[in-house]
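To start, the structure under review is shown below, and the notes come after it.
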Amino acid sequence: MRIGKKDLLRKLGDFLLSISAIVILLIIWQIVVEAGIISERKLAPPTKVVTTFIDKLTNTNPDGAVLMEHFWASLKLTVMGFVLACVIGIPLGLLMGYFKPIDSFVTPIFEIIRPIPPIAWIPVMLLLFGIGNGSKVAIIFLAALVPALLNSYAGVKRTNPVLINVAKTAGASKKQIFLEVCVPSAVPMVFTGVKNALSSAWMTLVAAELVSASVGLGYMIQNGRTLSRCDIIIVGMLMIGVSGAIMSGLLSLVEDKVAPWMVKTR
Amino acid sequence: MADNREVRIKIRNLKKSFTDKKHNTLQVLNGLSLDVYTNEFLVILGPGQCGKTVLLNLILGLDTPDEGTIEFSGGTPAKGEVGMVFQRYALFPWKTVIQNVEACPKFHGVDKAKRREEAKALIKLVGLEGFENAYPAALSGGMKQRVGIARAYATNADIMLMDEPFGALDAQTRYQMQDEILKIWQSKMTTVVFVTNNIEEAVTLGDRIVLLGNKPSVVVNEFVPNMARPRNNLSQEFLEFRNVIADKMDLALT
């Protein structure tokens, strides 16, 4: 497709608009603190957040680790729980969507587990796996499993029945219908599920680390609260926000590769 | 004239009803009998919701009748020996044009080189050369249905069922596609059962037109437009024929 001058200008306009939203937010934030509307001890201004961020890259105070150590510790847990949830949840959801016996077998257990908030698992997991990484990965896994499984399931269930008929009239086997009709048609829904699973994973990570950890972004935030270091709290929050956004962006790139047929609704 | 022709599909006393969640029974087909002759272009004309799609599904073997029989000369065809063109194209959105066309042979495990070659020939036949690698989302309605037709013919079926294939197209494209489908039918020598609710389309296309009544459906009338093709839809003969059917159709609805 040819990109015209007009398109380019419009894209540039959109980009400037997005940037200006962030800039305006930062300015208001700075003014609110500078003017003393909110005390600097309760809300660190953006300038302070930036200096703390740079400082935390090399300074292990006050929580015993530099920022990147916290970040890697958290990233590892999140990715482990998230990947595990996808590896188990997606195939299970797809199979449940197509094969009735699997659906009947898994659904009752799943329906009971589903409404339990991931955070409510923390006490059980601590007892089961101790206060180490195992319990945190398990909690993140449970949190990410629900959206990954549910969306894959719904994706197969929503396969256009006429497409299944097309395959049936062509003499396709049940296995072919599942693999060549239902699974591809579920792909967009699966990606929605994976993205939701990722954000659930990050959300739950912080909760898990708030309870028991000696390193990690959640721990850093919790420690910052105890010491009334609002600048550190904000740095930790922004790290989570930014890395979540980056991972979600990467997933969108993968989606474009895997599902190039989808019409962009941009 | 029709009597000395070979019957390809013999449908006798077909009954089919559906029961909804509230246990209301809806009789859709009520003792429908019909012969389809080899290599004819049969149009089944009927008002909306008269069970035309149900009839096609029964012929396809996607559903079983409550009562009655469907017999094919030469035994019940195996899956894939009856082709179907669907109302709303029903293309696989994740497959390109050529992948859609070769989808059915692929289910049968036909060798890739062979099915590719056949798919290319069919794409040429329906006039979609150059669009082999486009996804359906990028095609217009008329082009999508060309893919649908090519895909149906890729099964090498000698019976082709078409369920209001041009119903979603604008008038201009519809006329164009009617010409195309006649050309393809003549070049491929297949038995076509074409369902429509459009009288003009029926008169343009059919060797024979069977009029179905409203639910529960039975054959109400049969018409044979003895007009040479291509038929001019503004000619006196065409318009008169059209009016005759329109009158009968009004009766069928009341």
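Every value quoted in this text rests on a predicted model; they were computed, and no experiment measured them. Residue numbers start from 1 in every chain, and the chains themselves are labelled A, B, ... in the order their sequence lines are given, proteins ahead of strands. Heavy-atom basis, side chains included; hydrogens, waters and symmetry copies ignored.
Interface remark: B/Phe86 contributes side-chain atoms only to the contact with chain A (heavy atom separation under 4.5 Å). With a 4.5 Å cut-off on non-hydrogen atoms, A/Asn160 does not touch chain B at all. Using a 4.5 Å cut-off between heavy atoms, A/Ser173 makes no contact with chain B at all.
With contacts defined as side-chain heavy-atom distances shorter than 4.5 Å, the pair B/Tyr135/A/Pro260 qualifies. Under the 4.5 Å side-chain criterion, counting only non-hydrogen atoms from C-beta, A/Ile177 is not in contact with B/Phe107. When side chains are defined from C-beta on, A/Thr169 does not count as touching B/Val82, because their heavy atoms never get closer than 4.5 Å. Side-chain contact check for A/Gln176 versus B/Lys106: every heavy-atom pair is 4.5 Å or farther apart. Using a 4.5 Å heavy-atom cutoff, the side chains of A/Val187 and B/Trp94 are not in contact. The shortest distance between side-chain heavy atoms of B/Arg88 and A/Val162 does not fall below 4.5 Å.
Counting non-hydrogen atoms of other residues, nucleotides and ligands closer than 6.0 Å to CZ of B/Arg12 gives a total above 12. For A/Phe105, the CZ atom counts as loosely surrounded, since its 6.0 Å shell holds 12 or fewer non-hydrogen atoms of other residues, nucleotides or ligands. No more than 12 heavy atoms of other residues, nucleotides or ligands sit less than 6.0 Å from atom CD of B/Glu117. Residue-environment remark: CG (A/Leu92) exceeds the threshold of 12 foreign heavy atoms within 6.0 Å. Around the NZ atom of B/Lys120, the shell of radius 6.0 Å holds no more than 12 heavy atoms that belong to other residues, nucleotides or ligands. In B/Phe72, the CZ atom is crowded: over 12 heavy atoms of neighbouring residues, nucleotides or ligands sit closer than 6.0 Å.
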Quiz item: So B/Thr96 and A/Trp261, side chain to side chain contact (heavy atoms under 4.5 Å, CB included) or not? Walk me through it.
Solution: CA-CA 8 Å; B/Thr96 60; A/Trp261 69 83; over 6 Å; no
Practice problem: For the pair B/Met84 and A/Asn165, evaluate side chain to side chain contact (heavy atoms under 4.5 Å, CB included) and give the outcome as yes or no after the intermediate values. | Solution: CA-CA 10 Å; B/Met84 173 92 171; A/Asn165 278 349; over 6 Å; no
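The distance from atom NZ of B/Lys95 to atom CG of A/Leu163, rounded to the nearest 0.5 Å, is 10.5 Å.
Between the side chain of B/His108 and the main chain of A/Gly171, no donor-acceptor pair closer than 3.5 Å is present.
Chain A forms more heavy-atom pairs under 4.5 Å with one residue of B/Gly61, B/Ala152, B/Gly109, B/Pro93 than with any other, namely B/Pro93.
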